[in-house]
Structure formats: structure tokens, C-alpha cells
Peer 1: 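First the structure, which I've put down as C-alpha cells, then a few questions once you've had a look.
Since this is a predicted model, take the numbers as computed values, not measurements. Here is how names work: the chains are called A, B, and so on, in the same order as the sequence lines, proteins then strands, and each is numbered from 1.
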Amino acid sequence: MKGTLRSPSVAKESFGAVHSERMDDELHERVREVIAGVPAGKVATYGDIAAIAGAPSPRLVGRILAEDGHDLPWHRILRANGTPAPHLQHEQLERLRAEGVLADGERVNLRVYRWRSPQEEEEAEAGLF
DNA sequence: TAAGTGACCTATA
DNA sequence: CTATAGGCCACTT
């Protein structure tokens, strides 16, 4: 059981220091939202999610996913080179294949399947083509 | 309190 | 392909 309980620091904030701890929670939720927003048939990298959600590091995305990503499309998140995390490789590629994302060996071609976030598309449209 | 360790990372050589 | 370093965070010693 790990749902909402997170760390001993929760105790100290019962006083009224809701301030700093909240950011943590918001980030957690934001990351989850971004991941949830990746459409089927598309993929994103940990770095992408981190950048869009404002996470300080891609590793944090991995952690959040590991702890609290059971109900999210975690299989649409790949590493920067298009390969999945080692232990999930099999499962992940299989799930992706079911969505029409074909992997070349154990690697997905990001140039084909990479998802572009809404704001990124905006910029691309506004800028040059 | 502080240092060590592991994790679904990434960039560089 | 492997090796190395860099960085962030929670948990354990």
C-alpha cells in the first residue's frame, strides 16, 4: 500500500506547512496527466514527459511511473533512444504492438511514433515548417 | 544528521 | 555495442 502516503515529512506538515509539500504532489499529478495525455499509437520519452510536466529530471518520471503508474499508459513511455526499460521490454513492446506501434527489434522508431505535445505543435506551426 | 544505494534516465566518448 | 559521468529523489544505514 503506497497510494497517498509518501514519507515521514507528511507528519511535520500537519501543522500548516502545506506550502512546500504541495508542489511535490502537484508535480506528481502533472506528470500523471501528461502521461495520460499520450494518445494510443504514439509514444513519448521520459525526457519529454519531464520537460512538459516541469519535472526536474527524467528519472523522477520513471520513479513516479514505477510507484504510481499502474493505471496509466506507462507502455507509451520509452527511453531517449526508443528502447523500453530493461525488465519491461517484453511487456511494453507487446502492448505497443497491440496499438499499432511496431518496433524494429527492441527499438521503436521515435521519428515515426513520437508524440508531440500540444504546445510543441503550436510552436511548430507558428514557426517554420 | 549524514552518507550510501538504487532506480522504468540521458548525453558523451 | 560498453563505459562513464551527471543529476534528482526516496529509502536505508
Side-chain angles (χ1 to χ4, degrees):
Chain A
M1 228 176 235
K2 44 200 142 149
T4 44
L5 92 132
R6 201 90 72 80
S7 77
S9 57
V10 170
K12 85 172 174 210
E13 137 239 345
S14 14
F15 265 99
V18 230
H19 206 281
S20 47
E21 177 271 344
R22 190 129 90 100
M23 277 295 296
D24 220 35
D25 240 15
E26 278 185 12
L27 175 61
H28 190 98
E29 283 306 315
R30 214 157 48 233
V31 168
R32 285 173 51 83
E33 262 181 56
V34 173
I35 293 172
V38 179
K42 290 287 176 185
V43 300
T45 68
Y46 291 95
D48 288 342
I49 304 301
I52 297 168
S57 153
R59 279 238 165 146
L60 185 55
V61 175
R63 181 186 301 269
I64 293 173
L65 219 42
E67 291 177 3
D68 198 20
H70 54 85
D71 60 329
L72 292 171
W74 53 268
H75 53 280
R76 297 187 193 134
I77 311 303
L78 298 169
R79 297 198 282 183
N81 63 353
T83 64
H87 45 269
L88 297 174
Q89 203 168 0
H90 182 68
E91 167 92 10
Q92 191 155 8
L93 291 178
E94 201 163 304
R95 281 172 179 259
L96 286 175
R97 190 183 43 182
E99 296 183 349
V101 177
L102 304 179
D104 173 24
E106 81 293 339
R107 175 186 307 205
V108 171
N109 189 337
L110 292 178
R111 279 190 279 198
V112 174
Y113 296 110
R114 191 180 205 169
W115 171 64
R116 306 184 78 193
S117 70
Q119 55 261 74
E120 267 181 323
E121 276 196 7
E122 249 179 65
E123 282 183 24
E125 256 181 72
L128 358 88
F129 219 77

Peer 1: Measure from CD on A:Glu67 to C1' on C:dC9 and round the result to the nearest Å.
Peer 2: 9 Å
Peer 1: Let me know the distance between OH of A:Tyr46 and C1' of C:dC8, rounded to the nearest Å.
Peer 2: 16 Å
Peer 1: Any strand is fair game: report the nucleotide pairing with B:dT12 by Watson-Crick or G-U wobble, both distances under 3.5 Å, or none.
Peer 2: C:dA3
Peer 1: What integer distance in Å separates A:Ile49:CD1 from B:dT10:P?
Peer 2: 11 Å
Peer 1: What's the gap between C:dG6 and B:dC8 when it is taken at their P atoms, as a whole Å value?
Peer 2: 23 Å
Peer 1: Applying a strict under-4.5 Å side-chain criterion to I, L, V, M, F, W and Y, I'd like to know whether A:Leu88 and A:Leu60 cluster together.
Peer 2: yes
Peer 1: Taking atom NE2 of A:His75 and atom CZ of A:Arg97, what is their separation to the nearest 0.5 Å?
Peer 2: 13.0 Å
Peer 1: Quick one: does any side-chain atom of A:Glu99 pair with a main-chain N or O of A:Pro39 as donor and acceptor, under 3.5 Å?
Peer 2: no
Peer 1: Please check if the number of heavy atoms outside A:Asp104 that lie under 6.0 Å from its CG is greater than 12.
Peer 2: no
Peer 1: In whole Å, what is the span from the CG atom of A:Leu60 to the P atom of C:dA10?
Peer 2: 7 Å
Peer 1: Would you find a donor on one side and an acceptor on the other, under 3.5 Å apart, between the side chain of A:Arg30 and the backbone of A:Ala53?
Peer 2: yes
Peer 1: Say you draw a straight line from CG of A:Leu65 to CD1 of A:Ile77; how long is it, rounded to the nearest 0.5 Å?
Peer 2: 6.5 Å
Peer 1: Taking the side chain of A:Thr45 as its heavy atoms from C-beta onward, which of C:dA10, C:dC8, B:dT10 lies nearest to it?
Peer 2: B:dT10
Peer 1: Below 4.0 angstrom, which residues in residues 76-96 of chain A have at least one non-hydrogen atom near DNA chain B?
Peer 2: A:Arg79, A:Ala80, A:Ala85, A:His87, A:Leu88
Peer 1: Whole Å only: how far is the CG atom of A:Asp68 from the P atom of B:dC8?
Peer 2: 15 Å
Peer 1: Using whole Å, what does the distance between atom C1' of nucleotide C:dC11 and atom CZ of A:Arg63 come to?
Peer 2: 8 Å
